[in-house]
Amino acid sequence: MAVRGTKDLFGQELRLHQRIVATARKVLEAAGAMELLTPIFEETQVFEKGVGASTDIVRKEMFTFQDRGGRSLTLRPEGTAAMVRAYLEHGMKVWPQPVRLWMAGPMFRAERPQKGRYRQFHQVNYEALGSESPILDAEAIVLLYESLKEVGLKGLSVKLSSVGDPEDRARYNAYLREVLTPHREALSEDSKERLSLNPMRILDSKDERDQALLRELRVKPMLDFLGEEARAHLNQVEKHLSRLQVPYELEPALVRGLDYYVRTAFEVHHAAIGAQSALGGGGRYDGLSELLGGPRVPGVGFAFGVERVALALEAEGIAPPEERGPDLYVVPLLEEAVAEAFYVAETLRPRLRAEYALSPKKPGKGVEEALKRGAAFVGFLGEEELRAKELTLKRLATGEQVRLPYAEVAGFLLSALS
RNA sequence: GUGAGCGUAGCUCAGCUGGUUAGAGCACCGGACUGUGGAUCCGGGGGUCGUGGGUUCAAGUCCCAUCGCUCACCCCA
């Protein structure tokens, strides 16, 4: 058995994943993003510092191990910290700014698996580094939205908010503590803990009691606490999104779980994929590179989960195209023709996709097997063909049939299939 | 980490209140239909009934434990 929360990918599911990533590649590279693949593990420090020691990811969800020299290494739980590490390591700050990077690959989190959540899952990441312009925030949102729309998804909703600058957030958390602490006993168990750890998370609690209390106390949203600059930044982002007619809604309660976010935060959701309805999300993280020991490098980016997008596509009834069968399926009619079938098929490769049967078949059976494999042509090798070094070709779609010397088979098939 | 539901063949599932050698469909392999059958008919391989204990003359079926899967919570993609 594959270990908990992991799975083997093949067949239709794999094709769907590949299509999702290929679409993202097209969209992101059209915008000038360069593909950059970071290793799947890093020094643990990269995530502890980059993601934030207080986050759930770092506190309890990382696969961490020691190498033989005693260094602590971690299977990456997300992509952004590693991408910024690479930006710093390769001196990309001297490249023309901003630098747009993208990456697709596996991520690892030691959570309890459920629908849309796995211990090894796949993400597409995009990061635009080196500029504070709100245009780049809007661009990231558009690129995320477009990547998902381009694979065929319809039921998308884009949620936008701002978590403000760090001092805004500090003021807001202080406000929440002040308002909620007197009512601590009315909160759910989880939210009591949130109150001391990170009060903002109470806002998107799924507990009805918490939501009722928030309504009752008329708790003000984060957006009311934005400083002047963060406010202006958000307004700019909205302006650019509107101009491009991206259908977004302001979601004051939107809280991103990672410590490094400032100002813009966004998510894209899909209703039909279970409790984990976020397909992807992102935001701005101007302070991240300093946490990693580098100079200040502002950045904005997103990640989306390939598995979740696949679930959404499935829910909308969008299936990947059937796998193409071989161009030719060679059927030996006698035992002596088996090796010949292999020989003929192999000489056609790799220009043609050629397979063959490993044991002699009756012609009818041969046709049946060729059809099951989705072959375009079936080729028979019987007594006469063997003697004459010829192959009888039958086009399965039409039933038309020709007999050709080996040397002419490749040319015939290539022109017939074009 | 918490809670609930579920574990019988590769897949989907039968198996009545415990009762002979555990079944079906699909899939796979082979044969029949004399060189053009995604067909039909016949046959075949495959299962420590998740695992370990217990109750009983007798356990796939009842009890306990354990493991696994699924969904949900926390949190997130």
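Protein chains get the first letters and strands the later ones, always in sequence-line order, with residue 1 at the start of each.
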| field | Check: A:Arg201 side chain, B:C76 base, donor-acceptor under 3.5 Å | value | no
| message | On RNA chain B, compare the nucleotides closest to A:Glu384 and A:Arg373; which residue's is nearer the 5' end? | response | A:Arg373
| query | Hey, does A:Gly382 reach any base, or is it just sugar-phosphate, or nothing, if we go heavy atoms under 4.0 Å? | reply | base
| said: Between P on B:G3 and CG on A:Asp207, what's the gap in Å once rounded to a whole number? | reply: 17 Å
| said: Contact list please: residues 27-40 of chain A against RNA chain B, heavy atoms, distance less than 4.0 Å, in numerical order. | reply: none
| task | Measure from the side chain of A:Glu383, starting at C-beta and using heavy atoms only, and say which of B:C74, B:G35, B:A77 lies closest. | result | B:G35
| said: Can you pull out every salt bridge (Lys or Arg N to Asp or Glu O under 4.0 Å) where at least one residue sits in residues 400-418 of chain A? Sequence neighbours excluded, please. | reply: A:Glu384-A:Arg403, A:Glu390-A:Arg403
| B:C69 P sits how many Å from A:Asp8 CG, rounded? | 13 Å
| What parts of residues 108-127 of chain A reach RNA chain B, counting only heavy atoms under 4.0 Å away? | A:Arg109, A:Glu111, A:Arg112, A:Gln114, A:Lys115, A:Gly116, A:Arg117, A:Tyr118, A:Phe121, A:Gln123
| task | Using the C1' atom as the reference point in each nucleotide, state the distance between B:U70 and B:A27 in Å, no decimals. | result | 25 Å
| In this structure, are over 12 heavy atoms from other groups packed under 6.0 Å from A:Glu193 atom CD? | no
| note | The ring pair (Phe, Tyr, Trp, His ring centres under 6.0 Å) partners of A:Tyr175 (sequence neighbours excluded) come to A:Tyr172, A:Phe225
| message | Can you tell me if A:Arg71 has over 12 outside heavy atoms packed within less than 6.0 Å of its CZ? | response | no
| task | Map A:Lys372 and A:Val306 onto RNA chain B by nearest heavy atom, then report which one ends up closer to the 5' terminus. | result | A:Lys372
| task | Would you check if there is a donor-acceptor pair between the side chains of A:Thr80 and A:Glu127 at a distance under 3.5 Å? | result | yes
| message | Using the C1' atom as the point on both nucleotides, what is the distance between B:C33 and B:C41, in whole Å? | response | 9 Å
| field | Length of the CZ-C1' vector between A:Arg4 and B:U66, whole Å | value | 14 Å
| said: Filter on side chain to side chain donor-acceptor pair (under 3.5 Å), then keep only pairs touching residues 145-164 of chain A, sequence neighbours left out; what's left? | reply: A:Lys26-A:Glu150
| field | Syn/anti state for B:G37 [syn: chi within 90° of 0] | value | syn
| field | Nearest-Å distance once atom C1' is located in both B:U40 and B:U21 | value | 31 Å
| B:C62 and B:G25, which share atom name P, separated by this distance in whole Å | 27 Å
| query | Would A:Arg184 and A:Thr181 count as having a side-chain donor-acceptor pair, cut-off 3.5 Å? | reply | no
| field | Touch class at under 4.0 angstrom, heavy-atom based, for A:Leu279 against every strand present | value | sugar-phosphate
| request: Output the single nucleotide from B:G35, B:G68, B:U36 whose closest atom is nearest the side chain of A:Leu333. | output: B:G35
| message | With no hydrogens and no angle check, just 3.5 Å: does a side-chain donor-acceptor pair link A:Glu139 and A:His240? | response | no
| query | Rounding to the closest angstrom, what is the interatomic distance between B:U55 and B:U12 at atom P? | reply | 35 Å
| task | Could you state the atom-to-atom distance from CE of A:Met62 to C1' of B:C76 in whole Å? | result | 15 Å
| query | By ring pair (Phe, Tyr, Trp, His ring centres under 6.0 Å), which residues pair with A:Phe304, not counting sequence neighbours? | reply | none
| Taking CD from A:Glu193 and P from B:U2, how many angstroms apart are they, rounded to a whole number? | 15 Å
| said: Using a 4.0 Å heavy-atom cut-off, does A:Arg194 contact any base of the nucleic acid, only the sugar-phosphate backbone, or nothing at all? | reply: sugar-phosphate
| message | Between B:G19 and B:C11, how many Å separate the two P atoms, rounded to a whole number? | response | 26 Å
| message | Given B:C74, B:G38, B:G35, identify the nucleotide with an atom nearest to the side chain of A:Gln276. | response | B:C74
| request: Could you measure between the two P atoms, the one in B:G10 and the one in B:U48, and give it in whole Å? | output: 8 Å
| message | Once ring pair (Phe, Tyr, Trp, His ring centres under 6.0 Å) is applied, do any residues pair with A:Phe108, and if so which ones, sequence neighbours excluded? | response | none
| remark: Taken to the nearest whole Å, CG/A:Leu328 to P/B:U36 is 19 Å
| note | Atom CD of A:Glu61 and atom P of B:C74 are separated, to the nearest Å, by 13 Å
| message | Let's see if you can work this out: which of B:G68, B:G37, B:C75 has an atom nearest to the side-chain heavy atoms of A:Glu368? | response | B:G37
Dump every N/O contact between nucleotides 30-33 of chain B and the protein below 3.5 Å, one line per pair.
none

| With side chains defined as the heavy atoms from C-beta onward, is the minimum distance between A:Val158 and A:Ile141 less than 4.5 Å? | yes
| task | Give the stems involving RNA chain B, where a stem is 3 or more consecutive Watson-Crick or G-U wobble pairs (i with j, i+1 with j-1, and so on) under 3.5 Å. | result | B:1-7 with B:67-73, B:10-13 with B:23-26, B:28-32 with B:40-44, B:50-54 with B:62-66
| message | Using the P atom as the point on both nucleotides, what is the distance between B:C49 and B:A59, in whole Å? | response | 12 Å
| Among pairs that include at least one residue of residues 357-367 of chain A, which meet salt bridge (Lys or Arg N to Asp or Glu O under 4.0 Å), considering only residues two or more places apart or in two chains? | A:Lys361-A:Glu369
| task | Let me know the distance between NZ of A:Lys7 and P of B:U70, rounded to the nearest Å. | result | 9 Å
| query | Residues in ring pair (Phe, Tyr, Trp, His ring centres under 6.0 Å) with A:Tyr285, at least two apart? | reply | A:Tyr260
| remark: In short, ring-ring contact (aromatic ring centres under 6.0 Å, His included) pairs touching residues 328-354 of chain A with sequence neighbours left out are A:Phe342-A:Tyr356
| With a 3.5 Å cut-off and no angle check, do the side chains of A:Ser289 and A:Arg296 form a donor-acceptor pair? | no
| request: Say whether, by atom type as modelled, one donor and one acceptor occur between the side chain of A:Ser242 and the main chain of A:Glu238 under 3.5 angstrom. | output: yes
